[in-house]
> 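What follows is a single structure, and I will ask about it in a moment.
Below, read A as the first sequence line, B as the second, and so on, with proteins coming before strands; counting in each chain starts at 1.
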2 protein chains.
Amino acid sequence: MERPKEAHAVVKLAVDLVILTVLDGRLQILVVERGNEPYRGRLALPGGFMRPGEDLPTTAWRELQEETGVGPAHIPHLEQVGAYSEPDRDPRGRVVTIAYLALAPDLPAPTPGSDALNAAWVPAHDILAAPTQLAFDHDTIVADAVEHACAMLEHTTLATAFCTTPFTIGDLKSVYEAVWGVPLDIRNFYRKVRRADGFIEATGEKRASDVGRPAELFRRGLATVINPPMLRTPADSVRPAV
Amino acid sequence: MERPKEAHAVVKLAVDLVILTVLDGRLQILVVERGNEPYRGRLALPGGFMRPGEDLPTTAWRELQEETGVGPAHIPHLEQVGAYSEPDRDPRGRVVTIAYLALAPDLPAPTPGSDALNAAWVPAHDILAAPTQLAFDHDTIVADAVEHACAMLEHTTLATAFCTTPFTIGDLKSVYEAVWGVPLDIRNFYRKVRRADGFIEATGEKRASDVGRPAELFRRGLATVINPPMLRTPADSVRPAV
DNA sequence: ACAATAGTGTCTGTAAGACAGTATTCT
DNA sequence: AGAATACTGTCTTACAGACACTATTGT
């Protein structure tokens with residue numbers, strides 16, 4: 001693995017977080033306004049550099065905690081999306097970043113961190129539609145992460161991570177619709193969700209809303225993969241048609 | 001993205017390659033015998049450190065060229081598998097590695113590189129069954145990469161990357177069987193492959209073997225995703241039953 | 001009663017798995 | 001003719017999409 005005659009690139013390693021939630025029926029991403037150069041004042045993904053002794057997941061969890069105030073109790077899973085390594089992606093020098101994806105239920109309003117002027121949720125589709133908004137190559141990272149999330153919802157039970165327990169089947173359907181960006185047939189959705197063993201678990205309780213029949217409440221099941229999978233039709237895509 | 005008051009970890013970035021091929025009807029992985037400490041004499045994945053000015057894909061292609069003598073002409077695609085960052089994964093110090101996956105048709109016998117005593121194909125199942133063979137955390141990387149390859153064969157046309165053009169449908173079936181580790185029904189396989197538009201393209205030629213009816217020859221089609229996908233049944237897995 | 005939301009049932013097409021049979025070559 | 005490999009067709013079942021209907025609440 002070594003080749004001592006050759007120079008090794010000197011790089012800094014960072015982690016960037018794509019924290020997704022469903023708000024107002026839309027998929028939203030947590031972004032911060034940068035307080036330092038470069039890209040001061042521009043929107044960017046939360047993230048930070050790896051510290052000595054840390055591995056990447058540790059860095060990711062720490063940054064998540066610092067930026068949103070939530071830990072593993074609220075976010076069941078952090079998923080690695082990929083590494084971004086273009087030599088000129090950061091004007092300060094060689095910075096390679098590893099992107100992580102987190103699915104969050106309705107979180108407390110984000111509080112700005114020490115190096116961020118502001119923190120806010122912005123709709124994912126705004127970023128994907130006009131990919132020149134974010135600092136660095138964060139637009140690309142967002143696109144990759146959202147596609148990753150779409151794919152995960154097909155095969156894993158991670159959609160429940162967007163919901164606060166307990167949740168209704170309607171809540172869960174809203175998650176799929178927001179992430180995939182397509183309307184789903186609620187009747188077929190019911191059938192598929194109930195057929196998938198271990199996806200959701202009835203609590204026996206009901207939640208009354210202002211009007212209409214109260215909905216049954218569920219909690220996450222034990223399964224992590226859905227069988228049969230919840231497939232989007234191939235034409236569906238979260239990206240706006242070109 | 002910066003937090004100047006805190007120390008940043010000093011790490012070196014490496015790329016490791018999981019180069020897969022199908023040989024003797026089995027999925028095989030290119031490994032090298034290490035010529036330097038640590039793990040001198042142990043088997044490991046080919047790989048190397050990123051050099052100044054390179055991004056990760058460039059490093060991966062360069063290492064691929066150095067280790068196997070083949071370039072983009074033979075390997076249509078390099079796929080990023082993930083980052084491995086445990087602080088003590090390398091006894092020399094902090095080394096974070098990004099794993100890449102390459103699917104190769106029958107290559108010339110691998111030639112040892114400058115830092116490798118030897119290079120050879122070893123069956124993937126041997127490594128997965130006894131995950132204590134390779135240096136560093138390369139057993140883990142192999143497991144992740146093979147799983148990645150299995151998943152890619154379901155949804156993409158990358159199985160053709162294992163075949164030298166032109167190939168027969170029987171050749172393609174052998175690829176799926178070797179990677180997934182399960183026997184497939186050739187009649188159903190024919191149907192699925194021919195239904196998937198743009199997967200393979202008839203050349204009109206035939207290949208006569210020693211005995212039996214000559215097989216029709218095909219080349220890769222233009223599609224990159226298979227629709228409908230070639231799904232393995234959920235019970236199937238390349239990993240040996242526990 | 002009526003609006004609004006929650007949930008069930010049915011019909012139909014597509015594709016998957018299982019399996020029987022036909023075609024083309026060489027010896 | 002027979003062996004060996006290549007290929008095609010059919011039957012059944014499972015699941016997806018589309019759509020009509022019933023159930024339970026509040027006003």
Side-chain angles (χ1 to χ4, degrees), chain A residues 25 150 153-155 163 166-177 180-197 199-219 223 225-237, chain B residues 25 153-155 163 166-177 180 182-218 223 225-237:
Chain A
C150 288
L153 255 54
E154 290 189 297
H155 301 284
C163 301
F167 52 85
T168 70
I169 293 187
D171 294 339
L172 196 59
K173 169 172 170 280
S174 307
V175 168
Y176 277 90
E177 290 182 321
W180 287 352
V182 293
L184 299 176
D185 186 292
I186 184 112
R187 299 161 288 191
N188 295 335
F189 187 82
Y190 267 84
R191 186 183 54 203
K192 291 166 83 163
V193 166
R194 311 212 63 151
R195 173 147 55 207
D197 222 45
F199 190 4
I200 58 174
E201 211 172 281
T203 64
E205 313 273 302
K206 289 176 185 249
R207 173 195 295 165
S209 56
D210 298 2
V211 64
R213 173 176 172 178
E216 272 192 86
L217 289 171
F218 296 83
R219 71 174 76 89
V225 296
I226 312 179
N227 186 327
M230 311 271 298
L231 299 176
R232 358 166 217 179
T233 68
D236 300 342
S237 169
Chain B
L153 256 54
E154 290 189 296
H155 301 283
C163 301
F167 52 86
T168 70
I169 293 188
D171 293 340
L172 196 59
K173 170 172 171 281
S174 307
V175 169
Y176 276 90
E177 290 182 322
W180 286 353
V182 293
L184 299 176
D185 186 293
I186 185 109
R187 298 162 288 186
N188 295 334
F189 187 82
Y190 267 85
R191 187 182 53 204
K192 293 166 82 165
V193 167
R194 311 210 64 152
R195 172 144 58 205
D197 223 46
F199 189 5
I200 57 173
E201 210 172 280
T203 63
E205 314 273 301
K206 290 176 183 253
R207 174 194 295 164
S209 54
D210 299 1
V211 66
R213 173 177 170 177
E216 270 193 87
L217 288 171
F218 296 84
V225 295
I226 311 179
N227 187 330
M230 311 273 298
L231 299 176
R232 2 167 214 179
T233 67
D236 298 344
S237 169

> Is any side-chain N or O of B:R191 under 3.5 Å from a base N or O of C:dG17, one able to act as donor and the other as acceptor?
yes
> Among C:dC19, D:dA16, D:dC19, which nucleotide has an atom closest to any side-chain atom of A:P228?
D:dA16
> Return the value, rounded to whole Å, for the distance between atom CZ of B:R194 and atom P of C:dA15.
16 Å
> Going by side chain to side chain contact (heavy atoms under 4.5 Å, CB included), name the residues that satisfy it together with B:Y176, two or more places apart in sequence or in a different chain.
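Listed in chain order: B:L153, B:A159, B:L172, B:W180, B:L184, B:F189, B:F199, B:I226, B:M230.
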> Picking from D:dG17, D:dC7, C:dG17, which would you name as closest to the side chain of A:K192?
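Minimum distance to the A:K192 side chain belongs to D:dG17.
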> Rounded at 0.5 Å granularity, tell me how far NZ in B:K206 sits from OG1 in B:T168.
12.0 Å
> B:Y190 OH to C:dA15 P: how many Å, rounded?
21 Å
> Roughly how far, to the nearest 0.5 Å, is CG of A:L217 from CD of A:E201?
13.0 Å
> What integer distance in Å separates B:I226:CD1 from C:dA15:P?
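Atom CD1 in B:I226 sits about 14 Å away from atom P in C:dA15.
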> Expressed in angstrom and rounded to an integer, what is the separation of B:N188 atom CG from D:dT10 atom P?
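Checked: the CG to P distance equals 15 Å.
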> Between atom CG of A:L231 and atom CG of B:L231, what is the distance when rounded to the nearest 0.5 Å?
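It comes to 7.0 Å.
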> Atom CG of B:N227 and atom NE2 of B:H155: how far apart are they, to the nearest 0.5 Å?
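One finds 11.0 Å between CG of B:N227 and NE2 of B:H155.
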> Decide yes or no, distance alone: a donor-acceptor N/O pair under 3.5 angstrom between the base of C:dA15 and the side-chain of B:R195.
no
> Specify the residue among B:D185 and A:T168 whose closest nucleotide of DNA chain C lies further upstream toward the 5′ end.
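Closest to the 5' end, via its nearest nucleotide, is A:T168.
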> Determine whether any donor atom in the side chain of B:R187 lies under 3.5 Å from an acceptor atom in the base of C:dA18, or the reverse, and answer yes or no.
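Flag unset: no donor-acceptor pair detected.
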> Do any of residues 207-217 of chain B sit with a heavy atom less than 4.0 Å from DNA chain C, and if so which?
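Under 4.0 Å from DNA chain C: B:D210, B:G212, B:R213, B:P214.
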> Rounding to an integer number of Å, can you tell me how far A:F189 CZ sits from D:dC15 P?
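Those two atoms, CZ and P, are 17 Å apart.
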> Starting at CD of B:E177, measure out to NZ of B:K173 and round the result to the nearest 0.5 Å.
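Here the rounded value is 3.5 Å.
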> Can you measure B:E154 atom CD to C:dA16 atom P for me and round it to whole angstrom units?
12 Å
> Roughly, in whole Å, what's the span from CG in B:L231 to P in D:dA14?
17 Å
> Please report the distance, rounded to the nearest Å, between CD1 in B:I186 and C1' in C:dA16.
17 Å
> Say you draw a straight line from CD of A:E216 to CZ of A:R207; how long is it, rounded to the nearest 0.5 Å?
12.5 Å
> Please compare B:K206 and B:P229 by the position of their nearest nucleotide in DNA chain C and report the one closer to 5'.
B:P229
